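All of these numbers come straight from a predicted model, not from anything done at the bench.
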Amino acid sequence: MIIVYTPADGEPEQYDASTLRVSEAAIVQRTVDMKWQEILSGLEQDDLDAMRGIVWVLKKRSQPSLRYGEFDPGVTEMVCRLSRTEIEAYVSNAFEMVGADPEVTEETVVQILRARLPMLAADPDHALALLDARAQDPKEQATPDVPEEAVPASAPQDPSPSPTSSEPGPSTSASSPTSSTSHPEPSTTSSSATSTT
């Protein structure tokens, strides 16, 4: 999580909460009287105490004599934004919804993310470039099903099974292999399927 501090008379400054050392996190906890998990949750909600404590400790790296009472930003001078790594996970999770819910299309996900990412990301340009690349990536898009009779008999066969293949192969589904909808299919070519017991 990135805390963006924009002093009334200055340029925006970014402070990455993930760079805190344990000793620094302990100082923040004691100073703002919150447990670390509460601080992390507070960052997701732009909690002023959580943001102030972290920015103060990180500022002390370059200004060791800075006292907590001396660092008293205005209530609108700090906001939390997602780091590049967090944005990558956010975008990836959003695209996992495509296919998991029949009402969620890739176009819908792209439209929602395009509206939200600039407000969520510490680096909006990176976030939108990531979204554009992900939306245009042919590996992420479904390939159209071609009926087998449409393929000429002399056409070379692809050695890797396609998503519509009847041959066993690794699942390309985003669902868990332990999902109640995932059942192992017996192979018609394996020795265990042809053995007699």
Side-chain angles (χ1 to χ4, degrees), residues 1-8 10-29 32 34-62 71 73-143 163 170-177 179:
M1 190 70 69
I2 305 292
I3 302 166
V4 180
Y5 167 52
T6 308
E11 293 296 314
E13 303 169 11
Q14 292 190 0
Y15 296 90
D16 188 345
S18 70
T19 65
L20 281 175
R21 299 189 179 279
V22 173
S23 58
E24 292 171 322
I27 293 168
V28 174
Q29 288 181 99
V32 300
M34 297 168 74
K35 295 289 185 191
W36 184 244
Q37 290 305 316
E38 294 171 313
I39 293 169
L40 291 177
S41 294
L43 291 178
E44 293 174 5
Q45 300 168 21
D46 283 354
D47 180 275
L48 294 173
D49 288 330
M51 292 187 295
R52 178 184 180 195
I54 289 172
V55 172
W56 168 67
V57 166
L58 291 174
K59 281 178 108 25
K60 284 182 69 64
R61 289 177 178 175
S62 61
F71 178 66
V75 295
T76 61
E77 293 178 357
M78 293 183 298
V79 294
C80 287
R81 296 292 182 253
L82 298 177
S83 68
R84 285 178 169 220
T85 303
E86 291 164 326
I87 283 292
E88 290 166 7
Y90 188 88
V91 168
S92 180
N93 289 339
F95 274 96
E96 286 179 11
M97 295 301 299
V98 176
D101 182 342
E103 295 181 16
V104 178
T105 66
E106 182 174 320
E107 293 79 22
T108 304
V109 170
V110 169
Q111 183 180 18
I112 291 169
L113 289 177
R114 192 164 308 286
R116 290 186 182 172
L117 288 179
M119 296 178 291
L120 296 173
D123 184 351
D125 292 336
H126 166 261
L128 291 174
L130 178 69
L131 176 61
D132 290 341
R134 179 72 187 253
Q136 295 174 3
D137 188 352
K139 289 185 254 175
E140 298 297 330
Q141 297 179 10
T143 56
S171 172
T172 57
S173 168
S175 67
S176 165
S179 169

Would you name the heavy atoms of [X] and [Y] that are closest together and state the gap between them?
| X | Y | result |
| --- | --- | --- |
| P12 | V4 | CB-CG1, 4.1 Å |
| M78 | M51 | O-CE, 3.6 Å |
| P118 | L113 | CD-O, 4.2 Å |
| V28 | V57 | CG2-CG2, 3.3 Å |
| D46 | C80 | OD1-N, 3.0 Å |
| A127 | L117 | O-CD1, 3.7 Å |

How far does [atom1] of [X] sit from [atom2] of [Y], to the nearest 0.5 angstrom?
| X | Y | atom1 | atom2 | value |
| --- | --- | --- | --- | --- |
| M1 | L40 | CE | CG | 8.0 Å |
| S41 | M34 | OG | CE | 8.0 Å |
| I54 | I39 | CD1 | CD1 | 6.0 Å |
| L20 | Y15 | CG | OH | 12.5 Å |
| E38 | Q29 | CD | CD | 9.0 Å |
| L82 | D123 | CG | CG | 11.5 Å |

Exercise. Indicate the ring-plane relationship of Y5 and F71, choosing parallel, tilted or perpendicular according to the 30° and 60° boundaries.
Key: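 It falls in the perpendicular class, over 60°.
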
Quiz prompt | Qualifying salt bridge (Lys or Arg N to Asp or Glu O under 4.0 Å) pairs with a residue from residues 12-24, counting only residues at least two apart or across chains | solution =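 For residues 12-24, and leaving out neighbouring residues, the salt bridge (Lys or Arg N to Asp or Glu O under 4.0 Å) pairs sorted by first residue read E13-K59, E24-R61.
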
Exercise. List in chain and number order the residues that pass salt bridge (charged side-chain N to carboxylate O under 4.0 Å, His left out) with R114, two or more places apart in sequence or in another chain; answer none if no residue qualifies.
Key: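 If we apply the salt bridge (charged side-chain N to carboxylate O under 4.0 Å, His left out) test to R114, skipping adjacent residues, the hits are D132.
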
Quiz item: In chain order, what residues pass the salt bridge (charged side-chain N to carboxylate O under 4.0 Å, His left out) check against D47, with sequence neighbours excluded?
Solution: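 D47 satisfies salt bridge (charged side-chain N to carboxylate O under 4.0 Å, His left out) with no residue once adjacent residues are dropped.
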
